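In this text, all values refer to a predicted model and were calculated from it rather than measured experimentally.
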Amino acid sequence: MFVELPGRPARDPAPMLGDPRGTGRYQVVTAANVLAVGPILTHRFDRLVAMPAGCLGLEACRPDGSYAVAGAEFGLQLVADLARGALPLDLDEDGRLDLVVPGATGPHRWLVRQIDGTFRDDASPAFAWPGDVTALAAGDFDDDGHEELLVVLDGEVRLFRLPDGRLLDAGALTAPPGPHRLHVADVNADGRLEIALGDRLFQAASAGSCLRVVVKSRFDGPAYGASVRLTATVNGVPRTMLRVLDPGTGYGRPHEPVAHFGLGRNATLHSLSVRWPDGARTTLTGLTPDTVVVVPYPAD
């Protein structure tokens, strides 16, 4: 159940740009063709792209910064309907990044990463139904320990949850017709995620505590592309939750540079592991719910 908060957002939740420096080679890529970036195949900035023939392609980032074309061997040789963006996230909570790929004219897809590394479309009929998607976002808005998927679709905002392994429509937010800019962030600094939709602000009723993790790059900026894994016991169930600091490629969906973990009503935190795009790692223990943890880049 979402309620609209009074007033306009106090600040623009669009994140600052991450560290622009790099040591690898660069390739010229048309920005409109890049649907998503992140540690999809490796721990670096892999790219999901729309190929000229209307199919999806994956490009794995090599250690030297160049890209190796992949895709067919991962089961992505399907028509993408010239999608304008995609969202990498571990929605089924199996420790592997999946891909939410809206179709511009055809069905929307939830491409789930299988054990053998291939992707399979597991979109439910409620989610796959075609429509004009103008924005995508994900987050644990009610802090129950499970992320939700937010889709701006045909002038309305739909919320999808994943009970029993199927994406189900959980209702809509009231919003004026037409396209909207969508931002997800802790706008009012209360430790919970809000949804900024145009000039309106929404917040869900809280179902528990949370942990917020700020990861820094080598140059003390936001460590976009870093993956964050939290092992915890949530409501009596052992869990490993994965978040990626997403720079927000496609669909005009900039994210805050924070990994937000909902923890339900009763949680015991075991460890937090962070991996940077360059391969650096660190592990923290002794964490406490309802806190903000700042993780610096490991010292040499």
Yes or no on side chain to side chain contact (heavy atoms under 4.5 Å, CB included) for V214 and E256, after CA distance, side-chain angles and deciding distance? CA-CA 10 Å; V214 178; E256 62 174 352; over 6 Å; no
Intermediate values then yes/no, side chain to side chain contact (heavy atoms under 4.5 Å, CB included), V234 and M241: CA-CA 10 Å; V234 179; M241 293 178 274; 4.1 Å; yes
To the nearest 0.5 Å, what is the distance between CZ on F202 and CD on E194? 12.0 Å
Counting distance only, does the side-chain N/O of R62 pair as donor-acceptor with the main-chain N or O of Y67 below 3.5 Å? yes
Are R113 and D94 packed together at the side-chain level, in the sense that at least one heavy-atom pair is separated by less than 4.5 angstrom? no
For residues P102 and G85, report the shortest heavy-atom separation together with the two atoms involved. CD-O, 3.3 Å
Heavy-atom nearest pair, L87 first then A138, reads CD2-CB, 3.9 Å
Is the closest side-chain heavy-atom distance between D98 and D90 below 4.5 Å? yes
Roughly how far apart are L193 CG and D186 CG, rounded to 0.5 Å? 7.0 Å
Please report the closest heavy-atom contact between L269 and P289, naming both atoms and the distance. CD1-N, 3.8 Å
All heavy atoms of V294 vs all of P296, minimum pair found to be O-CD, 3.5 Å
Taking the side chain as C-beta and beyond, is there a heavy-atom pair between L99 and L56 under 4.5 Å? no
Under 4.5 Å between any side-chain heavy atoms of V151 and H108, yes or no? no
Is there side-chain contact between V274 and S227, with heavy atoms separated by less than 4.5 Å? no
Could you check if a side-chain atom of R229 sits within less than 4.5 angstrom of a side-chain atom of T283, using non-hydrogen atoms only? no
Closest approach of L91 to E147 (non-hydrogen atoms, all atoms of both residues): CD1-O, 3.8 Å
L284 vs V213, test: side chain to side chain contact (heavy atoms under 4.5 Å, CB included). Steps then yes/no. CA-CA 11 Å; L284 303 177; V213 183; over 6 Å; no
Do any N or O atoms from the side chain of D46 and from the backbone of I40 form a donor-acceptor pair under 3.5 angstrom? yes
Stepwise side chain to side chain contact (heavy atoms under 4.5 Å, CB included) test for I195 and V157: CA-CA 11 Å; I195 299 168; V157 185; 5.8 Å; no
Honestly curious: do L242 and L149 fall in one hydrophobic cluster under the side-chain, below-4.5 Å linking rule? no
Say you draw a straight line from CZ of R212 to NE2 of H260; how long is it, rounded to the nearest 0.5 Å? 6.0 Å
Working to the nearest 0.5 Å, report the span between CG of D92 and CG of L97. 10.0 Å
Tell me if a side-chain donor or acceptor on D140 pairs with a main-chain N or O of G145 at a distance below 3.5 Å. yes
Sorted by chain and residue number, the side-chain contact (heavy atoms from CB on, under 4.5 Å) partners of E93 (sequence neighbours excluded) come out as H146, R239
Is there a side-chain contact between Y297 and D278 (heavy atoms, below 4.5 Å)? yes
Closest approach of R161 to L159 (non-hydrogen atoms, all atoms of both residues): NH2-CD2, 4.0 Å
Less than 4.5 Å apart, any side-chain heavy atom of L211 and any of T291? yes
Verify the cluster assignment for V244 and L35: are they in a single hydrophobic cluster under the rule of side-chain heavy atoms below 4.5 Å apart? no
How many angstroms lie between atom CG of D144 and atom CZ of R265, to the nearest 0.5 angstrom? 10.0 Å
Quick one: does any side-chain atom of D290 pair with a main-chain N or O of C210 as donor and acceptor, under 3.5 Å? yes
Quick check on the hydrophobic clustering: are L230 and V258 connected, directly or via other members, by side-chain heavy-atom contacts under 4.5 Å? no
Is Q203 reaching over with its side chain to a backbone N or O of L201, donor-acceptor style, under 3.5 angstrom? no
Any sub-3.5 Å donor-acceptor pair from W276's side-chain atoms to H43's backbone N or O? no
Polar side-chain atom of N235 near backbone of N266 as donor-acceptor pair, under 3.5 Å: yes
Please list, chain by chain and in numerical order, all residues satisfying side-chain hydrogen bond (donor to acceptor under 3.5 Å, both in side chains) with T282, sequence neighbours excluded. none
Answer with yes or no after comparing the ring centroid distance for F127 and W110 against a 6.0 Å cut-off, counting only values under it. no
